[in-house]
2 protein chains.
Amino acid sequence: MADLETRELRYFVAVAEELHFGRAADRLGIAQPPLSRAIRQLEHRLGVQLLDRDRRGAALTDAGRVLLREARTALDAVAAAERRTRRAGDPKRPLVLVTKAGASHELLRRLLDALAAPVEVLLCEVGEQARRLRDGQADVALMHRPFDDLAGFDTADLCVEGQVAIVPAEHPLASREQLTMADVRDVPDLPIARWPRLDGSYPDGPGPEVRTQSQLAQLVALGRTLLVIPASSRAWQWPEHVAVPVVDAPDVTTVIAWPRSSRSQEVASLVRSAVTVLDGLC
Amino acid sequence: MADLETRELRYFVAVAEELHFGRAADRLGIAQPPLSRAIRQLEHRLGVQLLDRDRRGAALTDAGRVLLREARTALDAVAAAERRTRRAGDPKRPLVLVTKAGASHELLRRLLDALAAPVEVLLCEVGEQARRLRDGQADVALMHRPFDDLAGFDTADLCVEGQVAIVPAEHPLASREQLTMADVRDVPDLPIARWPRLDGSYPDGPGPEVRTQSQLAQLVALGRTLLVIPASSRAWQWPEHVAVPVVDAPDVTTVIAWPRSSRSQEVASLVRSAVTVLDGLC
DNA sequence: ACCTACTGATACCTGGCGAGTATCAGAGCT
DNA sequence: AGCTCTGATACTCGCCAGGTATCAGTAGGT
């Protein structure tokens, strides 16, 4: 009853992502026949069909979809083990804090100023923090409830704030003192941008599809989309835009998150300082 | 830059647990020399010393401790991938629900009666549920907040209840209508039993060390320990004991937990029925 | 209806590496 | 000293991952 090896998981993930043995083999840097054989062995060993082969490629079965999801988490965990061990062996490792590009600069700067220990900052795209934390590329993350997926992490709240709508200065909405979600939803000339779901697909709607903060920033600069964001994220506001409070938008809580059961002394003390420094500050 | 293989992780975990190459090799069913070589290669590849070798065995370094923890989670994730995929391929798989032996029988019975789909019940020791869920041996778990470690799982609350103290019928405390935590803490002749922490060590204190529910049941039967437990767990009460409400003990919430991002349709509908069935019932 | 192009599967060979046996080397014990 | 325990080293062997060459089936163009 031989166990699964990470090599087999990597092979399967490659095939499941490419849905094509040849391209997957290319990506893995091996030839196609060994890859076919490896997947076939894997299926045989698990006693489960993972792929429906077809002349025009391959398609995932239900079991294949399960394995794809599970294999990714397993590979993340293995990568985390490797990275964290390497870091643990480095006597003067700085902690890595990951946050999304475009989040409040102000809060981050205060935090870093207040911390005694050197902290390396890693910026990533929206929704990427969780993976960076899970696979060991970062030790702590700044995330935002209720937007980010906090499952699997311990968290401490840092601050709570309302949200504002970013609209072009000459737009009728810009003169209002405050707005409601009803006001900003379905504004015909300023549709709200759509972010991808966890599985990569996009919800329906009139707004443009965006995947990165920079795409979004560009759309905002062009006055092509309406934005509802935490008040502190106004950092990237252009003079030709106005921020108007949206009174009934859910409050956004900035939290500091770290992997559950991180026994690290450094992480614990960083979290403690973060909470102390920012308590009652916003 | 070869990746870590689960074989290497299994080898390392064996050595780290045995702290002895020979015994670890025995446990793995291989000879000692290949094991020594594998660990040495692992250290070399990670660029980190994992073990301090010594004539009387081996000792973990800091980095070794990190890898031990990370490797266990990674191996759990790999095992989960394997099990869940196997189950996904089985057309008539029953869901597995894990709960701790000694928890409320009543709630569980009602739950099972009300569910249409067949559910397999797996009983385990205190604190084991999380691992069973994490490594794919179970699909859902009944757990208790604030006792159990719920990090990494999605949960739904099933019911909330107070706690009672279990004391021998002839003890002075037995005649009281209600108690406080102050009353039951530090009762000289009835010290509260101590459970192991997550890392296996025991907190200090006068009470007996217990690891399993059956050990505890025996101590209670002997009148050697005082117990504060959820009211519904009175199932295992002997006639010579009395349950007295502890008014200021934290309420215990029975929750149903499942792995985060379990996309399984069956799990979702089981959780939904569970919440519906038990809502307002206790 | 043919041929072509593309898919994944098969056959067969080769080399590297994981595992085994035998042995060494050093530090406590008696 | 000699025994015994530890982990490390030397060397061989055999399996299996990986490579090359080729097959086989279908879609689609002509």
For A/Arg27, the side chain to side chain donor-acceptor pair (under 3.5 Å) test, sequence neighbours excluded, returns A/Glu17, A/Glu18
Taking side chain to side chain donor-acceptor pair (under 3.5 Å) as the definition, give me every residue that meets it alongside A/Glu120, ordered by chain and number, with sequence neighbours left out.
none
Test of understanding: with side chain to side chain donor-acceptor pair (under 3.5 Å), list the residues that count as partners of A/Asp148, not counting sequence neighbours.
A/Lys100
In chain order, what residues pass the salt bridge (charged side-chain N to carboxylate O under 4.0 Å, His left out) check against A/Arg93, with sequence neighbours excluded?
A/Glu266
Value in whole Å for how far the C1' atom of D/dT9 lies from CZ of B/Phe21
14 Å
Run the salt bridge (charged side-chain N to carboxylate O under 4.0 Å, His left out) test against A/Arg131 and tell me which residues pass, sequence neighbours left out.
A/Glu128, A/Asp135
Enumerate the protein-to-nucleotides 12-17 of chain D contacts in which both atoms are nitrogen or oxygen and the separation is below 3.5 Å.
none

Just jot down the side chain to side chain donor-acceptor pair (under 3.5 Å) partners of A/Asp62, sequence neighbours excluded, or say none.
A/Arg65
Counted 5' to 3', the first and last nucleotides of DNA chain C within 4.0 Å (strictly under) of a heavy-atom of chain A are C/dT7 to C/dT10
Considering only distance and modelled atom types, tabulate donor-acceptor pairs under 3.5 Å from the side chains of residues 33-42 of chain A, sequence neighbours left out.
| unit_1 | atom_1 | unit_2 | atom_2 | d |
| --- | --- | --- | --- | --- |
| A/Ser36 | OG | A/Gln32 | NE2 | 3.1 |

Separation of D/dG7 P from B/Asp52 CG (nearest whole Å)
13 Å
Taking only heavy atoms on the protein side, list every residue of residues 25-33 of chain B lying under 4.0 Å from any atom of DNA chain C, sorted numerically.
B/Gly29, B/Ile30, B/Ala31, B/Pro33
Going by salt bridge (charged side-chain N to carboxylate O under 4.0 Å, His left out), name the residues that satisfy it together with B/Asp90, two or more places apart in sequence or in a different chain.
B/Lys92
Residues two or more places apart in sequence or in another chain: which of them pass salt bridge (charged side-chain N to carboxylate O under 4.0 Å, His left out) with B/Arg10?
A/Asp3, A/Glu5
Side-chain (A/Thr155) to main-chain (A/Ile256) donor-acceptor, under 3.5 angstrom
no
